[in-house]
Amino acid sequence: MEVTRLFDLLDNYVEKFPDQAVALAGKVNRQWLRYSIQDYVKEVNRLSYAFIAKGVKPGCKIGVISNNCPEWNFFDMAIMQIGAITVPIYPTISQSDYKYILKHADVEYVFVDSKELVRKLQPLVADNPLFKEFICLHEAENAVSLADFRALGDANPNPEEVSKRKAEIKEDDLASIIYTSGSTGMPKGVMISHKNIMCQIIDIQHVPALWSTTALSFLPLCHAYERLLVYLYHFRGISIYYAENIGTIAENIKEVKPTMMSAVPRVLEKMYDKLFLAGKTQKGLKKRLYYWAFELANQYKLSGNSWWYNLQHKIADKLIYSKWRQAIGGNFDLIVSGGAAIQKHQSAFFNAINMPVFEGYGLSETAPVIAVSRRGKNQREEGTVGPPLTCVEVKITETNEIICRGPNVMLGYYKAPDLTAEVIDKEGWFHTGDTGKFTSDGLLVITGRLKHIFKTSFGKYINPFLLEDKFSKSPFIENIVVLGENKQFATALIVPDFGYLKDFCKRHNMPLLENEELVKRQDIIAIFQREVKKFNAFFAPHEQVKRFDLIADEWNQQNGILTPTLKIKRNVIQEKYADRIEKLYK
């Protein structure tokens, strides 16, 4: 059958993979609850019937605020197949963002996965005249329970109306409004059509190997990249298991043994660091062999290696890498990395140990993929995000900005034609705000963020992205932000990797202190002075970090410093640490 609307994925699934025993699975009370494709379709239809019984019309906006679980998909498909609009919202954003989005998007109903969220959101919708009801996964005050909502659908089956509405929906119709995570300014509602996403699924359908049958999902489904991949899994009949939370990923990998998953670079960096630190417990020859294999993996090249390297790699794989894979528990065909650039040596490392990393690039506004690594000759290389999608035109402007045009580009920002006109020009080119270049093989390399490039008071330009990327290679550094706009020189705020730092202190008989005390010690500051000096050597004198401050705080989503996709909110950093930044220039 032809798949042109997102809900067509279910009919296609039933037709091509009718025997799929596990389409979706999530944990309830520490036990996997699995749904076949037939179960999935049944759940979707009963929710659609309930919405119709409630009087939901085509174009109605329905919010989904939930951690990853099968119910997220049930509501998403049930909403779209009756012509309503899914508004996915991160369950970790601020109260002010919740209030803004719920009102700005004209949301009438919201599915939430906890009674705590109902309590949190109830006051925020009090002045929203369009809002009607919360639907909660569990019993909750001021909400209808999912069990009761399902019962409403069961009591009011209406397959004829569902079929009628599905037939009236076109591929260019609005399917979802995705609010940007807001690293700067207020969130913007990105209007995504069915075609925006389906054109990409058709384009990348052969990226997973045919034997890839099981996916683990842990990045938020509100994240446009993860959502696209989940739709791709539907198209390919791949079973989806939802991790309980980010802290149980290792355990869930061992249970599920996935062939595919997505990740952001920070997750891969944590895995890399954990494997590195594991070698510290080894002794003598075993320790030397461990780190020989580790360094060998860092030098792996996708473009090809010498016969001598391949011989060493074969030995390392038998003695070391196979044990790492067994310890991790996966049987990976590929890991898709997006959201930010992964460091070259770490990409090489995972490729070498047979956990292939395929990098991709895009934005919510491009639904979201612009380019992604592919299988085949010259289609994948460390430090690149692969070639552009075949359905997308990509150009590099005179200012090195990446612009693109194609069926993946959003319909526009909801209720904001002026903001839409700022990013989509009259010829249909979407201006990403990112800078980049192409390799000789036509693979895209991301070099920075146009708006983040700043000028010092001496008129010298600095790209903080390049410095931050290089400095992040230090095992001592968890996060770093380079600053200096209109100042005499560049400075940095550095959050140490306290796990690595404390292990270092233990191995060198240095006092083990709390984070706040550690960053004040002169011997610790001296370590970071050496690290800064080492990495400064890669840059011109005017680009180098002249002063820095060590930060003991954790940067996370809860304190508003990281976006849900783990990007640093530079404006929040500058406001929160304004006094400390100012002292760096005195």
Side-chain angles (χ1 to χ4, degrees), residues 262-276 291-306 309-310 312-313 316-317 321 324 332 334-362 370-375 377-388 396 400 402 434-449 452 463-480 482 497 500 531-532 534-539 543 566-568:
S262 61
V264 290
R266 192 67 197 126
V267 171
L268 296 175
E269 286 167 13
K270 290 286 188 183
M271 293 172 68
Y272 177 93
D273 292 344
K274 192 171 183 180
L275 285 171
F276 182 84
Y291 284 110
W292 163 78
F294 202 97
E295 184 55 35
L296 187 73
N298 286 335
Q299 298 168 16
Y300 184 84
K301 290 183 174 59
L302 283 168
S303 56
N305 301 281
S306 68
Y309 181 95
N310 289 335
Q312 294 180 86
H313 182 271
D317 189 72
Y321 304 155
W324 290 350
F332 287 102
L334 61 93
I335 298 172
V336 182
S337 178
I342 184 173
Q343 296 175 35
K344 273 188 177 183
H345 71 285
Q346 291 179 350
S347 175
F349 176 87
F350 285 105
N351 288 321
I353 69 171
N354 203 21
M355 291 180 64
V357 173
F358 281 51
E359 290 194 70
Y361 163 73
I370 292 174
V372 69
S373 302
R374 306 289 187 106
R375 299 182 188 275
K377 188 176 179 181
N378 301 326
Q379 296 290 288
R380 192 167 145 241
E381 183 182 329
E382 296 93 349
T384 81
V385 293
I396 308 296
N400 296 322
I402 301 165
D434 294 317
T435 58
K437 62 183 180 180
F438 283 109
T439 68
S440 58
D441 292 319
L443 307 185
L444 185 60
V445 178
I446 312 303
T447 58
R449 184 78 182 151
H452 289 169
N463 186 340
F465 176 89
L466 297 180
L467 282 92
E468 291 161 3
D469 184 58
K470 181 65 74 173
F471 276 72
S472 293
K473 292 180 180 178
S474 168
F476 288 98
I477 295 175
E478 171 88 12
N479 277 308
I480 178 170
V482 175
D497 184 326
Y500 184 87
E531 291 295 292
V532 168
K534 179 171 71 175
F535 289 103
N536 265 341
F538 291 94
F539 299 95
E543 297 175 296
L566 306 184
K567 295 188 180 84
I568 292 172

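On a predicted model such as this, the values are computed, not experimentally measured, just so you know.
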Of the non-hydrogen atoms in D497 and P475, which two are nearest, and what is the gap between them?
CB-O, 3.5 Å

Distance col, row L275:CG vs K270:NZ, nearest 0.5 angstrom, shows 13.5 Å

Side chains of R375 and L334: closer than 4.5 Å at any heavy-atom pair?
yes

Considering all heavy atoms, the nearest Y321-A297 contact:
OH-N, 3.3 Å

Ignoring hydrogens, what is the shortest heavy-atom contact between E531 and S474? Give both atom names and the distance.
OE1-OG, 2.6 Å

Tightest non-hydrogen contact, residues S347 and E382, listed as OG-CG, 3.8 Å

In short, V385 meets G360 closest at the heavy-atom pair CG1-O, 3.8 Å

Given side-chain contact (heavy atoms from CB on, under 4.5 Å), test I342 with F349 step by step and report yes or no.
CA-CA 11 Å; I342 184 173; F349 176 87; over 6 Å; no

Could you go step by step and tell me if E381 and K344 meet the salt bridge (Lys or Arg N to Asp or Glu O under 4.0 Å) rule?
CA-CA 9 Å; E381 183 182 329; K344 273 188 177 183; 5.9 Å; no

Measure the spacing between CG of L296 and OH of Y309 and express it to the nearest 0.5 Å.
4.0 Å

Report the relative orientation of the aromatic rings in F276 and Y500; use parallel for angles under 30°, tilted for 30 to 60°, perpendicular for over 60°.
tilted

Looking at V445, is its backbone amide N or carbonyl O close enough to the side chain of Y361 to form a donor-acceptor pair, meaning the two atoms are under 3.5 Å apart?
no

Ignoring hydrogens, what is the shortest heavy-atom contact between N351 and R380? Give both atom names and the distance.
OD1-NH2, 2.6 Å

How long is the gap from CE on M271 to CD1 on I353, to the nearest 0.5 Å?
7.0 Å

Working to the nearest 0.5 Å, report the span between CG of N400 and OG1 of T447.
6.0 Å

State whether the side chain of N463 and the backbone N or O of F465 hold a donor-acceptor pair below 3.5 Å, judged by distance alone.
yes

Under a 4.5 Å cut-off applied to non-hydrogen side-chain atoms, are P265 and Q343 in contact?
no

Gap between atom CD of Q312 and atom CD of Q299 - 0.5 Å precision
8.5 Å

Over 12 non-hydrogen atoms of neighbours within 6.0 angstrom of NZ in K473:
yes

Checking I396 against I402 for the side-chain contact (heavy atoms from CB on, under 4.5 Å) test, could you report, in this order, the C-alpha distance in whole Å, the side-chain angles of both residues, the deciding distance, and whether it holds?
CA-CA 5 Å; I396 308 296; I402 301 165; 3.8 Å; yes

For Y272 and F294: C-alpha separation, side-chain torsions, deciding distance, then whether ring-ring contact (aromatic ring centres under 6.0 Å, His included) applies.
CA-CA 10 Å; Y272 177 93; F294 202 97; 5.0 Å; yes

Say you draw a straight line from CD1 of I477 to CZ of F535; how long is it, rounded to the nearest 0.5 Å?
6.5 Å

Can you find a pair of side-chain heavy atoms, one from F438 and one from L444, that are under 4.5 Å apart?
yes

Side chain T435, main chain G448, donor-acceptor under 3.5 Å:
yes

Given side chains that start at C-beta, do those of M355 and W324 come closer than 4.5 Å, heavy atoms only?
no

Tell me if the centroids of the rings in F538 and F471 come within less than 6.0 Å of each other.
no

